[in-house]
Each structure stands twice: as structure tokens, then as C-alpha cells.
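Working notes, beginning with the structure itself.
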Amino acid sequence: MAEHESLEFGKADFVLLDNVSLEEFMANLKLRFEKGRIYSYIGEVVVSVNPYRAMNIYGRDTIEQYKGRELYERPPHLFAIADAAYKAMKRRNKDTCIVISGESGAGKTEDMSVTSVCLYRVKNMLLKSNCVLEAFGNAKTNRNDNSSRFGKYMDINFDFKGDPIGGHINNYLLEKVGVKSVFKCIFQLVKGAPDAQLRSLHIQRDPTAYTYIKVGGQIKSSINDSADFKAVTDAMKVIGFTTGEIQTVYKILATILHLGNLKFGSDGDVTLIENSKLVSVLGDLLSTKDENVEKALLYRTVATGRDVIDKQHTHQEASYGRDALAKAIYERLFCWIVGRINDIIEVKNYDARVHGKNTVIGVLDIYGFEIFQNNSFEQFCINYCNEKLQQLFIQLVLKQEQEEYQREGIPWKHIDYFNNQIIVDLVEQQHKGIFAVLDEACMNVGKVTDEMFLQALNGKLAKHAHYTSRKLSPTDKNLEFDRDFRIRHYAGDVAYSVVGFIDKNKDTLFQDFKRLLYNSSNPVLKAMWPEGKLSITEVTKRPLTAATLFKNSMISLVENLASKEPYYVRCIKPNDVKSPLLFEHERCKHQVEYLGLLENVRVRRAGFANRQTYPRFLQRYKMISEFTWPNHDLPSDKEAVKRLLQGCGFEHDVAYGKTKVFIRTPRTIFNLEEQRAEMVKRIVLFLQKVWRGTLARMRYRRMRAALIIIRAYRRYKVKSYIREVNRRFKNVRGMKDHGKHVKWPTPPKVLRKFEEALRNIYNRWWAWTLIKDLSPEEMVQIRAKVATLECLKGQRADLGLQRAWEGNYLDSPGTASSFTLVSSDLQRKDKFMRVLFSCNVRKCMLAKAEDRALLITDRHLYKMDPVKQYKPMKSIPLYNVTGVSISPGKDQLVVFHTKDNRDLIVCMQGMVPAGDSRIGELVGTLFSHFKSEKRKLQVNIVSPIHCSMNGRKCTVIVETKINQSQPDFTKSRSGYILSVPGN
């Protein structure tokens with residue numbers, strides 16, 4: 001029940017009234033209307049009073065306030081009933097429907113739009129279809145600016161997740177262009193279309209220029225037709241109408257307006273079109289020839305046996321044909337628009353086996369009960385439709401509910417109500433009903449008039465309590481002889497004029513018009529008239545009458561609604577002058593009475609809000625009780641349900657039938673749902689825990705099995721690799737190159753580091769086999785060459801590794817006597833053990849360069865003068881040498897760096913052969929010696945070389961000169977330049 005509203009607004013739910021009486025019901029309804037509360041409840045039925053003003057209660061924020069909430073949690077609103085239908089559909093996986101009913105002007109169309117906004121949620125195309133259908137299916141009447149002239153039932157399809165995925169629209173009995181109404185789209189075109197578009201359609205801006213609009217009687221309107229025209233056009237584009245299709249739609253509307261202005265005259269026996277200029281306009285709009293249009297309007301082609309003749313219309317026949325054409329064109333246009341929208345919004349490629357079951361919420365907005373000054377065939381059909389819907393309401397809400405209580409053995413006091421089945425039978429009963437009599441009259445051969453139809457009604461229905469006419473009630477002067485009959489509807493007495501019943505029921509349109517439109521060069525217009533392809537001599541089956549078609553569609557609609565779980569919106573019109581302040585008591589009282597709202601309150605107060613079969617109830621709520629979860633062991637489902645409800649403390653609010661449990665108040669259902677939701681969370685968590693544990697164990701077993709397989713495979717690969725290495729290197733000792741040519745097998749990934757270590761072991765063994773038989777002197781040379789590779793590999797081109805290294809190049813036959821004596825004296829004096837290296841050099845000095853000899857022993861570095869019998873000039877202790885620098889080129893420049901920054905800069909010379917390089921030998925020998933003494937020698941390969949001469953920093957650059965015969969030093973601004981021969 002509705003809460004969260006103070007009593008100053010009255011009772012939000014009529015079930016809460018202190019006394020159920022018509023006076024108290026009306027007083028509460030009036031109070032809520034005056035306080036701006038236009039919605040009220042009768043249980044789950046919404047009572048809606050048209051406010052005749054805009055209200056700020058339909059925004060997105062309001063929708064969110066009602067989404068997922070129960071009815072009693074928020075004040076009454078259409079959003080609440082829409083969400084209730086949505087929740088019922090999701091919870092019970094059952095189709096639901098919302099039936100919006102009430103008389104014309106009660107606000108049904110607006111209520112459907114509001115309901116649809118809540119239901120569609122994200123489907124913009126579904127919302128836009130409402131805008132288009134309202135424009136082409138609603139009219140401005142004397143009583144209503146937005147009167148539905150057609151019935152609309154829309155199925156909205158939802159997928160298993162509850163998201164809208166499409167829909168389908170059924171339309172019922174579009175009332176054609178008539179005296180009492182003009183469709184909104186025609187006003188929007190005339191008053192809202194751009195000037196250029198109007199010129200292309202030959203339309204004037206003045207609505208009074210068109211006969212159909214003037215006859216309709218609705219010239220002025222407060223609605224902004226220009227904005228509406230743009231909104232409708234934009235909506236059609238969003239839905240998916242092409243530009244050509246939209247243009248054709250407005251051409252057809254313009255055609256209807258021009259047809260209404262056609263005037264026929266007579267010249268003797270010949271019928272003429274007085275304003276013949278309109279014929280060419282019609283030809284242009286319909287994309288057909290002018291002469292074909294004129295012929296179809298003035299002549300009728302008739303087949304007599306094998307002959308075909310053109311029969312000219314009389315003035316009356318031409319006028320009838322013109323109006324029939326206008327009505328038929330508009331009806332086909334509307335049906336085409338509905339079909340086009342259905343093609344776009346319907347669910348496509350949906351397979352329930354793949355996507356899950358889709359459910360439906362139906363929304364019905366159909367014309368309300370109508371009583372005009374002159375009521376014709378359309379009003380008769382509309383009021384019959386409302387009788388059928390009222391019958392459905394009675395069957396579902398009043399009759400079936402009370403019968404179910406009696407059938408289930410629930411104590412119940414019968415509540416009287418008016419059952420309108422007798423009125424429905426009066427209209428639709430076979431052979432005796434009004435529709436049957438009308439169809440029979442239409443099928444009679446010869447001239448059949450409306451008066452003859454009325455006489456047939458009087459003959460068959462004379463004794464019916466709800467039918468009368470002037471012949472049956474001669475004293476009733478409100479009825480005309482041979483014209484009127486009256487039916488006592490559930491909503492009141494309505495007098496109908498039979499004038500036009502026969503013609504409207506036959507709904508005949510000359511075949512000439514159908515062929516004319518089928519032969520149009522406009523493909524959209526051509527597709528609307530497929531029967532136009534039949535030739536005049538082809539015999540077709542008699543079409544069903546309009547009454548039969550409408551009756552069948554109503555029976556189908558009611559069956560469709562009865563198969564769904566219904567939710568009702570009952571609309572009330574507070575006054576006839578569209579005032580937001582006026583509440584006409586008698587008018588509203590009459591609507592409350594014929595809608596059966598008071599009986600609904602009584603049944604609701606005395607009855608039960610919800611009922612379910614015991615198995616279904618258990619299936620949904622068994623997790624709440626320990627006695628029923630997961631399965632009960634009680635004698636029956638009924639006993640299990642009793643135990644469950646007793647455990648929850650709801651036994652005072654329920655009754656137990658033979659096959660169903662009945663729950664009186666919605667609050668009990670809501671509490672059960674809350675408890676269920678809480679338990680479902682726990683069950684889901686438990687299932688997730690168990691399933692996750694199962695998945696983890698499965699994953700562990702798979703990983704363990706994979707690990708075992710991987711380990712076995714790795715062992716296999718390792719063993720295979722070891723066996724292959726053993727096979728290839730088995731006889732390596734007897735090979736000439738000791739296995740250097742043998743190709744190593746590719747190791748498995750896990751053995752890559754092992755292979756590196758194995759290669760190192762092999763290389764060390766291979767090297768050992770090479771050097772094990774060498775003399776100590778050869779070993780010294782080998783170590784020096786290895787040191788050279790370690791220092792200079794990849795940084796100098798010629799390292800001299802391929803030749804034998806002599807080391808002491810000054811101890812040669814030409815210089816041996818003097819150098820040998822000097823070196824022997826130095827050995828006795830300085831106690832060195834051996835000569836590491838000696839050769840002739842060009843020494844760089846501060847002012848000039850001089851030839852010198854260089855002697856390097858294991859203790860000193862000596863500079864000698866070769867001119868003076870290799871007289872020692874200066875010695876540098878070897879421990880004072882910190883490093884050597886050489887250039888990356890082919891020159892023989894060497895810079896010895898010392899701790900006291902007195903670097904020695906020399907260029908080796910006098911090599912034999914001349915192009916020989918001794919840089920590698922010098923560096924390798926020194927590096928190897930330092931390494932043997934566990935001292936570090938810094939070797940730099942740079943250009944230019946930075947050094948110090950007597951404490952001053954300088955740089956040495958190597959330059960190549962073509963005419964240079966010997967290397968020589970020259971002074972530069974930053975230091976020294978070593979010029980070497982270019983060739």
C-alpha cells in the first residue's frame with residue numbers, strides 16, 4: 001500500500017478508506033486532484049485524473065526513484081505500475097501487460113507515453129515511434145486536442161537479462177478523415193512545415209483554405225505545430241525512414257487536402273471537375289498522369305461479361321468516390337507507417353536456445369468511450385471496444401477473483417457488480433448481434449439502405465433490455481424515426497445514427513482508384529496498393545466487412561491480454577473544458593461508476609493481493625525456511641508452505657486454498673521477497689565458494705599433471721642431449737684438431753647455461769692440449785698474445801698475432817755488441833731478471849723530436865741514445881707506470897702514463913719488414929707482466945690521446961701525410977701532431 005504521503009493529500013490507496021462508499025471515494029478523489037496528486041491506487045490498479053497542465057514529475061530522476069522499488073514504498077505514480085509489471089515479468093518469467101482505459105480526453109495517450117518512457121529504458125527508437133504514431137493516429141476533436149483515433153497495442157520484448165530488445169505494434173480501427181476530427185499531422189504540415197516544402201506540395205499556410213480542416217472545426221490550437229512538425233520529421237529519421245519515404249508521406253497528406261477541395265459540377269448529364277487545375281496538382285503529388293487522375297475521379301470502369309465499359313459518375317457518386325479515396329489513402333498510409341516501424345523495431349535473429357527466453361510487456365492505449373452529438377459507425381465500434389475491455393476487467397478483477405475464492409474454499413462474501421457480457425453479446429453475438437445484422441444487410445443483393453438495416457435491428461432486438469429505437473419507444477422524442485437507435489452501455493446511454501453504417505461497413509473503394517495508385521511511379525505509393533495490379537475482369541473474393549474485421553481484432557486483442565498478467569490504469573476526465581482547476585463532481589462520479597472502481601475497492605479490501613500454487617510458491621521461497629530448503633519431507637506441499645509462513649510469522653495474513661496459498665496484503669509479499677533476496681545472496685555466495693573450490697582443485701590437478709609431464713619431458717630432453725654430446729665428442733682425443741670441427745647439438749632451454757659451462761670446459765681442455773708441450777719461453781709469448789687479445793680485440797686492425805714475438809729487437813746482429821754490453825751493465829746494476837721489450841723509437845720532446853731506443857725490463861723502462869752507443873739517458877721504474885694509450889689506427893704511437901705526470905710519448909720505428917706492427921706485442925707483453933705481478937695496467941685506445949708533458953696537459957693527434965717518409969712529431973697549439981706516411 002502506498003506510503004510516504006501525508007494525510008493532507010488524502011488516502012493514496014482507496015483500499016485504506018475508512019468507509020467504502022461512493023461519497024467518500026469521490027471526496028478523496030477530489031481532494032487529491034485539488035492538491036495536485038493526480039495518481040492514486042486501488043491495490044495494484046492506478047487511478048489517473050487528467051491534470052490538464054504540465055507537471056514536473058516525469059524526469060529521469062523520478063524514474064530512478066521508482067526503479068526497483070515496491071508499490072507501497074513510493075507515492076502513487078505510473079512509473080510504479082510500469083516497474084511493477086517489469087519486476088513481475090522478470091521474477092516469474094511471465095508476460096505482463098498494462099491496460100490504459102478511460103473515455104476520450106481522460107489522458108490515456110499521455111499516460112501511455114509516460115509509461116513507455118519508464119519501460120523502454122534505453123530504446124530510443126521505441127520512444128520515437130510513439131511520437132510518429134501520435135501525429136498520424138491522433139486528432140484534434142471538439143473535446144480533445146490529442147484524441148486517439150486508433151487503438152494501439154505495443155508488445156515490448158525483453159531479453160533474459162531484462163533489457164528491451166525490440167517490439168511490435170498492432171493498430172485497431174483507424175477512424176478515417178471525418179466530420180468531427182482532423183489528424184494532427186495535417187495541422188502540423190499546414191502550420192509547421194517550411195515555406196519551401198509547402199510550395200513543393202502546392203499547400204497554403206492558411207488552414208481555412210481546406211475543406212476537410214474547416215469541416216473538422218478545429219482551426220485554432222495552443223499547441224506549437226511548427227515544433228511538432230520538426231519533432232515528428234526528426235523522429236521518423238531516427239527510426240529509419242528514408243528521405244524519399246518521408247517526402248512521400250507528406251505528399252500523401254497534401255493529396256488528401258487537395259482532394260477535399262475538389263468540386264464537381266454538371267453540364268447536362270455530364271459530370272465535370274470545376275477546379276480542374278487541382279487535377280494536375282494531384283497528378284504531380286501521386287506521380288501519375290493527369291488524365292488518369294481525372295478519369296478515375298469521373299468514371300468507373302465496369303466489366304459486363306467480356307466487355308469493359310467506362311460508366312460516368314453522377315455528381316453524388318463522384319463526391320462519394322473522392323471522399324472514399326481520401327479516407328482510403330490515409331488509412332493505407334497509416335498502416336504502412338505502422339508496418340514500416342514494425343520492420344525496424346521488431347526482434348530479429350533471436351534464438352531462445354542461444355539467447356534465453358524473451359518475455360513481453362504489452363501496453364494498450366485505445367480510444368476511450370465516446371458520446372458525441374451525432375454518433376456514427378466509428379463511435380459504435382469504439383464503444384464496443386470499451387465494452388470488451390470492461391468485460392476483460394470484470395472477468396479478471398471481479399468475476400474470476402470471486403469465483404476463484406469459492407473454488408478454492410476460501411471464506412468469501414459475494415460482492416455485486418454489473419456484468420456487461422449482455423452488452424457485448426448484443427453487439428457481437430452470431431446471427432443475432434448488431435454486427436451480424438449489419439453484415440447480413442451488406443451482403444443482400446439489390447439496393448440496401450441504412451433504414452432497412454435499422455428495421456432489421458428492430459425486428460431482431462425488439463425485446464433486448466439494452467436496445468431501443470424510436471419505433472420501439474414512440475414516446476422517446478430524443479430519437480429520430482428511421483435513423484436512430486440507442487444502446488444502454490456500461491458507461492451510459494448512447495444514441496447512434498445509422499446514416500452511413502452500410503457504406504462504412506462495406507468500406508468499398510472503386511477499383512479504378514486502386515489501379516491508379518498502383519500504377520504510380522512512386523515505389524512507396526505503389527507498394528501501398530498491391531491489389532491494384534488486378535485487371536478489371538479478374539474476380540476477387542468478397543472482402544470481410546469493417547465490422548467483422550474489427551470484431552475479430554478485438555476478440556484477438558482480449559485473448560492476448562487475458563494470456564498475460566494485467567496491470568490497469570483507469571483514466572478519469574475531471575471536466576469538459578480542459579481546466580486544471582475544475583472538478584465536475586457528477587461527471588467524475590459517472591466515470592467512477594461505469595469503470596467499476598468502487599466494486600474494485602470492495603473486492604480488493606475483502607480479497608487477497610496475491611495467490612500462487614503451492615509448488616510454485618515453494619519453488620520461489622523455499623530457501624527462506626530450514627524446513628523446506630533444499631527439499632522438504634512433509635506430507636504435502638501445502639503443509640510445507642504452512643510451515644514456511646508460520647516460521648516467518650505471516651500465518652495471520654494468509655489463507656490456504658485447495659491448490660493455492662492466498663496472501664492478503666502486498667507487504668507480506670514484499671517481506672518474503674526481501675528475505676528471499678537476502679537468502680539468494682547467501683546461496684549464490686555458497687555456490688560460488690563451492691564452484692570456485694571445484695575449479696581450483698581441477699586447476700591444481702591439471703597443473704600438477706602438466707608439471708609431471710613437463711618434468712618427465714625435461715628429463716628426456718636432458719638425457720637425450722647428454723647422450724648426443726657424448727656420442728659426438730667420444731673420439732675427440734684421436735682427432736687431429738681435437739674436435740674443433742665438431743658441431744655442438746642444440747641444447748634444450750633448461751640446459752643453455754649448462755651448455756655454456758660445458759663449452760668453456762671443452763675450450764679449456766682444447767687449449768690445454770695445445771700448450772701442454774710448449775717450452776717456458778713459448779708459454780710467456782702465448783700469455784702475452786692472450787693479454788693482447790683481452791685488451792685490443794676489435795679495437796686495432798693488426799695485432800701481430802700471426803708472427804713470432806721476439807721482444808728484444810735491439811739485441812740483433814747489427815747492434816748486439818754495444819746494446820748487449822749496456823744491457824748487461826744495467827742488469828748488474830738494477831738487478832732485473834729479464835728484458836720484456838726493446839726497439840728503436842722516435843721520442844717526442846718539449847721543443848723537438850729525437851731518435852731514441854726503448855728498453856723495458858721487468859723492473860725499469862729505459863730511454864737510450866742509439867747514437868752514443870745506447871747510452872742510458874733516463875729510467876722510469878715500472879711501478880711508476882700507470883697505463884699506456886694508443887690510437888685506433890695503424891700508427892705505432894705509444895704514450896706511457898706515469899704517476900708523476902711526466903708521460904713518455906714515443907712512436908716505434910725501424911721495423912723489419914717496414915710495415916710490421918709492434919703495438920700489439922708491446923701492450924700484450926706489458927699487460928701480461930703487470931697481470932703476473934697482480935698489478936693493474938690501464939690500456940686506452942683513443943684519438944686524440946690526452947697526456948701530460950712535465951706536468952702540462954696536452955693532446956697528441958695522428959695525421960697522415962702523403963710525402964712523409966718517416967713518422968715524426970711536430971708541435972701544435974694544443975699539444976703535438978704525429979705525422980705518419982700516407983702510403
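Just so you know, these numbers use all the heavy atoms, side chains as well, and skip hydrogens, waters and symmetry mates.
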Assess, by modelled atom type and distance only, whether the side chains of [X] and [Y] contain a donor and an acceptor separated by less than 3.5 Å.
| X | Y | result |
| --- | --- | --- |
| D903 | S948 | no |
| Q938 | T882 | no |
| Q909 | D851 | yes |
| S974 | T955 | yes |

Other residues, nucleotides and ligands only: do more than 12 of their heavy atoms fall within 6.0 Å of [atom1] on [X]?
| X | atom1 | result |
| --- | --- | --- |
| Q802 | CD | no |
| N963 | CG | no |
| K931 | NZ | no |
| K87 | NZ | yes |
| K848 | NZ | no |
| R803 | CZ | yes |

Minimum side-chain heavy-atom gap [X]-[Y] below 4.5 Å:
| X | Y | answer |
| --- | --- | --- |
| V884 | V895 | no |
| W765 | H738 | yes |
| Y862 | T857 | yes |

- Item | Residues in salt bridge (Lys or Arg N to Asp or Glu O under 4.0 Å) contact with D737, at least two apart in sequence or another chain |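 Scan of D737 (salt bridge (Lys or Arg N to Asp or Glu O under 4.0 Å), adjacent residues dropped) gives none.
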Lys/Arg cation over aromatic [Y]: [X], 6.0 Å, 45° cone:
| X | Y | result |
| --- | --- | --- |
| R859 | F832 | no |
| R918 | Y809 | yes |
| R340 | F241 | yes |

I'd like to know if [X] pairs up with [Y] as an ion pair, taking the criterion as any Lys NZ or Arg NE/NH1/NH2 lying under 4.0 Å from an Asp or Glu carboxylate oxygen.
| X | Y | value |
| --- | --- | --- |
| R727 | E724 | yes |
| K829 | D825 | no |
| E64 | K67 | yes |
| K785 | E921 | no |
| D968 | R842 | yes |

- Task: State yes or no: are the ring centers of F729 and W744 separated by less than 6.0 Å?
- Result: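 Yes, ring centres under 6.0 Å apart.
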- Task: Assert yes or no for the condition that the ring centre distance of Y870 to F819 is strictly below 6.0 Å.
- Result: yes
- Task: Go through the steps for C947 and V956 under the test side chain to side chain contact (heavy atoms under 4.5 Å, CB included), then give the verdict.
- Result: CA-CA 8 Å; C947 57; V956 181; 3.9 Å; yes
- Give, for atom CG of L836 and atom NE2 of H860, the distance between the pair rounded to the nearest 0.5 Å.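 Reported to 0.5 Å precision, the distance equals 12.5 Å.
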- Message: So, taking the atom named CZ in F896 and the one named CG in N880, what distance separates them when rounded to the nearest 0.5 Å?
- Response: 13.0 Å
